[in-house]
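All remarks here apply to the structure that follows.
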Amino acid sequence: MKASLASSASRLLEASPLRHAQFRLFYLGSIGTALGYTMHTTIASWVMATLTPSQLMVALVQTASTAPALLFGLIAGALADIVDRRRLILSTQCLLLASTAVLGAATLAGFVGPALLLALTFLVGVGLSLYLPAQAATVNDLVSREDLPRAVALAAVAFNVARAIGPALAGGIAAWLGSGSALVTSALFFILMIIAVYRMKKRERALPGVPETVLSGVLSGLRFARHSPAMRSLVARNVSFSLCAAAFWALLPVIARDQLQLGAGGFGLLSAGFGAGAIAGALAIPGQLQRRSLNVVVTAGTMLWIGAIALLAVIDIVAVAILAAFACGTAWVCVLAGLSAGTQSSAPAWVRARAVSVNLVANQASLALGSALWGTVASAAGTQAALVSSAITMLMLLAISRRARVAMGEEADVTPGAQLPELAIAVEPGPKDGPILIQLEYRVDVEHRDEFLRAIHAVEPVRRRNGAISWRVYRNLGEDGVFVERFILASWAEYVRLRARATMADRNLMHDVENLASVPVRISRLIGIDRESDAPRNGTRPG
């Protein structure tokens, strides 16, 4: 019997991303961080409730914890792509550990006040917002692309288990040893990730030799999201789901108290039902993604959420309400973990953490806006009307966004293209010199012109998401069959990055265009000059 169980466990491990030793250790660290954070937020709210009778101050604890995700989410993504992720994760864990430990020590010593509690909780939120994009993007470095959906699902399991266990564990320790001891204990969980990152191999810089600033990194990430059809679809589905799904989180306490006539224990049962459903969804999604497309999985999860919320709105039977919460948890993970897997599989390495951060910020902003929206509707028309309205709105948004199909990225979408030849220029400009104008001249025979025009316009989003700030194709009026593609970049460094950022799919698209030309493409590289002279900007003027 024992041998059989051991054999089954061994087979499960072989089929799991946990067979990779580095990912296994990193995963344990992720669980530790999730537990430490959920324990902290639980005890911090309780400590504030013991310090002041103000409901506003208690609510501000949650605000202090989540606001940094909106304030620093995009910056966190840029940092995770620009700097060494190991160091960034290590720094965030040290910040989380120190902030939580200081709050625990101050609570034990009796020195804690509302202002100090909010300040330290805000620092914890900053640490978590800087950590999440780096943590999500690091998963790609530790597992194969085939294992990515399962690895993302395991991360969802870790977070939802932590969300279920963390508050209970924190409450138990607080009841036994006090709130200060519970906070100190939660700080110790961050050590697991510190150990994990110390043992990770250093990651090669995505674009060696071409460093970006944080500001340019943020702008590059937003530009990529704007001009990537895959990212636009992923963000659109994320926003349409999260905006309406916020009704559940905003109104769950009211559902338990008023609609189901339950106390704190009943609220806990609904939360536990959601958590159990989330775990079930995380366990199911890897198999679903192997058998079905991402679009089908996300759409099915959205429909499940709509049905569950509609059921929750019209019934007052506790057992059925728990079942509906379970379905909501399953749908929540199927949609958001699926979209996360799609994001990580679609974004190239140079922008992966920024793509993750764009989706995280979209999710958090939608939840914040949706909570206010459905709370207002509930105040005016009642809880049941707000829940039904959110379900109907989600169904309408799903119908509107049906063309925004989401899919897992292909290998060619993220694999760097072949090494380009060195540029044949006499004197290379400095990184900040610019702007840079790139001009490509194509001569196309009559029979290929329609196909060429379709192909060349498909190149525009590639140029723009990789760095071009403007793009246009022109037809030569004086010479039939001659077309000119022109695009501008802000600096020479941006041009170097654009060349390095092109993936295999990008290169194939450009080769298709070049193959339609009757003669080799002629390329010109021009640099902006000052009005007073013919010297390049930031360059040396002739003597």
Begin from the C-alpha positions of Thr33 and Phe189 and carry the test side chain to side chain contact (heavy atoms under 4.5 Å, CB included) through to its verdict.
CA-CA 6 Å; Thr33 300; Phe189 280 102; over 6 Å; no
Taking only residues two or more places apart in sequence or in another chain, which ones pass side-chain contact (heavy atoms from CB on, under 4.5 Å) with [X]?
| X | value |
| --- | --- |
| Val320 | Leu311, Ile315, Ile317 |
| Ala308 | Ala327, Cys328 |
| Ser345 | Arg145, Leu148, Met408 |
| Ile469 | Ile488 |

Non-neighbouring partners of [X] that pass salt bridge (charged side-chain N to carboxylate O under 4.0 Å, His left out), sequence neighbours left out:
| X | answer |
| --- | --- |
| Asp413 | none |
| Arg486 | none |
| Glu410 | none |

Arg226, CZ atom: more than 12 neighbouring heavy atoms under 6.0 Å
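It does not: Arg226 CZ has 12 such atoms or fewer within range.
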How would you list, by chain and number, every residue that makes a ring-ring contact (aromatic ring centres under 6.0 Å, His included) with Tyr495, sequence neighbours excluded?
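Here the qualifying residues are Trp492.
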Sorted by chain and residue number, the ring-ring contact (aromatic ring centres under 6.0 Å, His included) partners of Trp471 (sequence neighbours excluded) come out as His457
Are side-chain heavy atoms of [X] and [Y] found at a separation under 4.5 Å?
| X | Y | value |
| --- | --- | --- |
| Phe122 | Leu71 | yes |
| Leu312 | Phe248 | yes |
| Leu294 | Val406 | yes |
| Asp506 | Arg501 | no |
| Leu120 | Leu123 | yes |
| Gln135 | Val356 | no |
| Asn140 | Arg352 | yes |

How far apart are the C-alpha atoms of Ile392 and Met396, what are their side-chain angles, what is the distance that settles it, and do they pass the side chain to side chain contact (heavy atoms under 4.5 Å, CB included) test?
CA-CA 6 Å; Ile392 293 173; Met396 293 172 59; 4.0 Å; yes
Charged N-O contact under 4.0 Å between Arg454 and Asp512:
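So Arg454 does not pair with Asp512 through a salt bridge.
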With a 4.0 Å cut-off, would you call Glu494 and Arg497 a salt bridge?
yes
Quick one: pull up [atom1] in [X] and [atom2] in [Y] and give me the separation to the nearest 0.5 Å.
| X | Y | atom1 | atom2 | answer |
| --- | --- | --- | --- | --- |
| Thr138 | Gln344 | OG1 | CD | 9.5 Å |
| Leu395 | Ser240 | CG | OG | 11.5 Å |
| Arg465 | Met231 | CZ | CE | 11.5 Å |
| Ile309 | Met394 | CD1 | CE | 7.5 Å |
| Met193 | Ile31 | CE | CD1 | 9.5 Å |
| Phe72 | Leu128 | CZ | CG | 13.0 Å |

Which pairs of donor and acceptor atoms, one on a side chain in residues 357-364, lie under 3.5 Å apart (sequence neighbours left out)?
residue: Ser357; atom: OG; partner: Arg354; partner atom: O; Å: 2.7
residue: Asn359; atom: OD1; partner: Asn238; partner atom: ND2; Å: 3.0
residue: Asn359; atom: ND2; partner: Thr343; partner atom: OG1; Å: 2.4
residue: Asn363; atom: ND2; partner: Ser242; partner atom: OG; Å: 2.9

Write down the atom of Leu498, the atom of Ala468, and the distance for their closest heavy-atom approach.
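That would be CD1-N, 4.0 Å.
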Minimal non-hydrogen separation, Ala313 against Val388, with atom names:
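Distance-wise, the nearest heavy atoms are CB-CG2, 3.7 Å.
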Which salt bridge (charged side-chain N to carboxylate O under 4.0 Å, His left out) pairs, counting each pair once, include a residue from residues 273-287, with sequence neighbours left out?
none
Criterion side chain to side chain contact (heavy atoms under 4.5 Å, CB included) on Asp81 and Glu212, from CA distance to verdict:
CA-CA 9 Å; Asp81 280 327; Glu212 289 183 273; 6.0 Å; no
Output every pair passing side-chain hydrogen bond (donor to acceptor under 3.5 Å, both in side chains) with a member in residues 295-319, not counting sequence neighbours, ordered by first then second residue.
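Of all non-adjacent pairs touching residues 295-319, those that pass side-chain hydrogen bond (donor to acceptor under 3.5 Å, both in side chains) are Arg237-Asn295, Arg237-Thr299.
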Could you label the plane-to-plane angle of the Trp350 and Phe224 rings as parallel, tilted or perpendicular, counting under 30° as parallel and over 60° as perpendicular?
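If you compare the ring of Trp350 with that of Phe224, the planes turn out perpendicular.
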